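Presented below is the structure to which this report refers.
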Amino acid sequence: MILTVDVGNTRIKAAVFEGGSVLENFIFEKNELEKKIKKILEKYQKCSDLVVASVGNIEKQSFLTFEKQLNVHFLTHEDVFPFTNKYATPKTLGIDRMVLAAGATLKFPGQNRLVIDAGTCITYDFIDEKDNYLGGAISPGLRLRYESLHNYTARLPLLALESPDSYIGDSTKQAIHSGVVNGFVYEIDGFIDEYRANFSNFIIILTGGDADFLAKRLKNTIFANSNFLLESLNQTFQYKIDND
Ligand SMILES: Nc1ncnc2c1ncn2[C@@H]1O[C@H](COP(=O)(O)OP(=O)(O)OP(=O)(O)O)[C@@H](O)[C@H]1O
Ligand SMILES: CC(C)(CO)[C@@H](O)C(=O)NCCC(=O)O
Ligand SMILES: [K+]
């Protein structure tokens, strides 16, 4: 049994795996980290390994207290990954993006893959059919767009996510919802069209906190799997054991 932990920029997600299947998922805040993991390990005492990918400000030290109980693996760029990293700055590539790319490579062999993670940021990661990781894009996520409009202006209110009535926003609120939500959808559909025009034989994986909201609104039909990062973390760990 394996406990996987994804430390994002907003919150922490975790899942317990038995082989390839998820037994339970958890979401919690950063200040609850130790308490929550302790609780999970009390419930799942058969966990032998704790596998962490962190892009947040939580470092390896925060997990060392659990080393008495199980093996702790804090993934870094030094670990083995199943793709060739062609990023010009491989050491600055987010470990979450590396794990997503690993999951896509292992799960969908021999095809071009585009992973879109709609979280705090939206990240796009492209791995070609020869397993070269080429790069992608980083842009502000949905919540971040609402917050930055408010934080960097005098007159724009902070709104909670809502579907716009139309692309023509007829009030301040509707104009913001249209700009944020439609802008987000157009951006992603635009990127997908660009990739489709340039590559055949490819699969798109959509994940992250906004994946379900987004999937319904895209012109392109793609299926959301909001658990893809944790599943990929489990697979990356199995790959590491087999190839280290
Ligand atoms: N309870 C919640 N707290 C924060 N964001 C939420 C919540 N529910 C849905 N969301 C949506 O999820 C998005 C954040 O995604 P996610 O939770 O995957 O980010 P994260 O934990 O920071 O991970 P990462 O840094 O990997 O993107 C926000 O844009 C927001 O719209
Ligand atoms: C882009 C984020 C914030 C997405 O979580 C993360 O992957 C990160 O901090 N990346 C570092 C920069 C890069 O990936 O090139
Ligand atoms: K993300």
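It should be emphasised that the depicted structure is a prediction, and the values quoted were computed from it without experimental measurement. Whatever order the structure lists them in is the order used to number ligands and atoms, beginning at 1.
- For ligand 1, the atoms lying closer than 4.0 Å to a non-hydrogen atom of K13 are 16 (P), 17 (O), 18 (O), 19 (O), 20 (P), 21 (O), 23 (O).
- Not a single heavy atom of L161 sits closer than 4.0 Å to an atom of ligand 1.
- Listed by first and then second residue, the ring-ring contact (aromatic ring centres under 6.0 Å, His included) pairs involving residues 134-161 are Y146-H177 (not counting sequence neighbours).
- Counting only N and O atoms by type, the side chains of N182 and R217 include no donor and acceptor under 3.5 Å apart.
- Linking Ile, Leu, Val, Met, Phe, Trp and Tyr whenever their side-chain heavy atoms come within less than 4.5 Å leaves I241 and F74 in two separate clusters.
- Side chains of E187 and S139: a donor on one and an acceptor on the other come within 3.5 Å.
- Checked by atom type, the side-chain pair S148/R143 shows no donor-acceptor distance below 3.5 Å.
- Residue T89 does not touch ligand 2, judged by heavy-atom distances below 4.0 Å.
- At a 4.0 Å heavy-atom cut-off, ligand 2 touches L93 through backbone and side chain alike.
- Taking any N or O of T123, backbone or side chain, none lies under 3.5 Å from an N or O belonging to ligand 2.
- Each of the atoms 22 (O), 23 (O), 24 (P), 25 (O), 26 (O) of ligand 1 lies under 4.0 Å from some heavy atom of G8.
- For ligand 1, the polar-atom distance check against D117 finds no nitrogen or oxygen pair separated by under 3.5 Å.
- Atoms of ligand 2 lying under 4.0 Å from any heavy atom of R97, numbered from 1 in the order shown and given with element: 7 (O), 13 (C), 14 (O), 15 (O).
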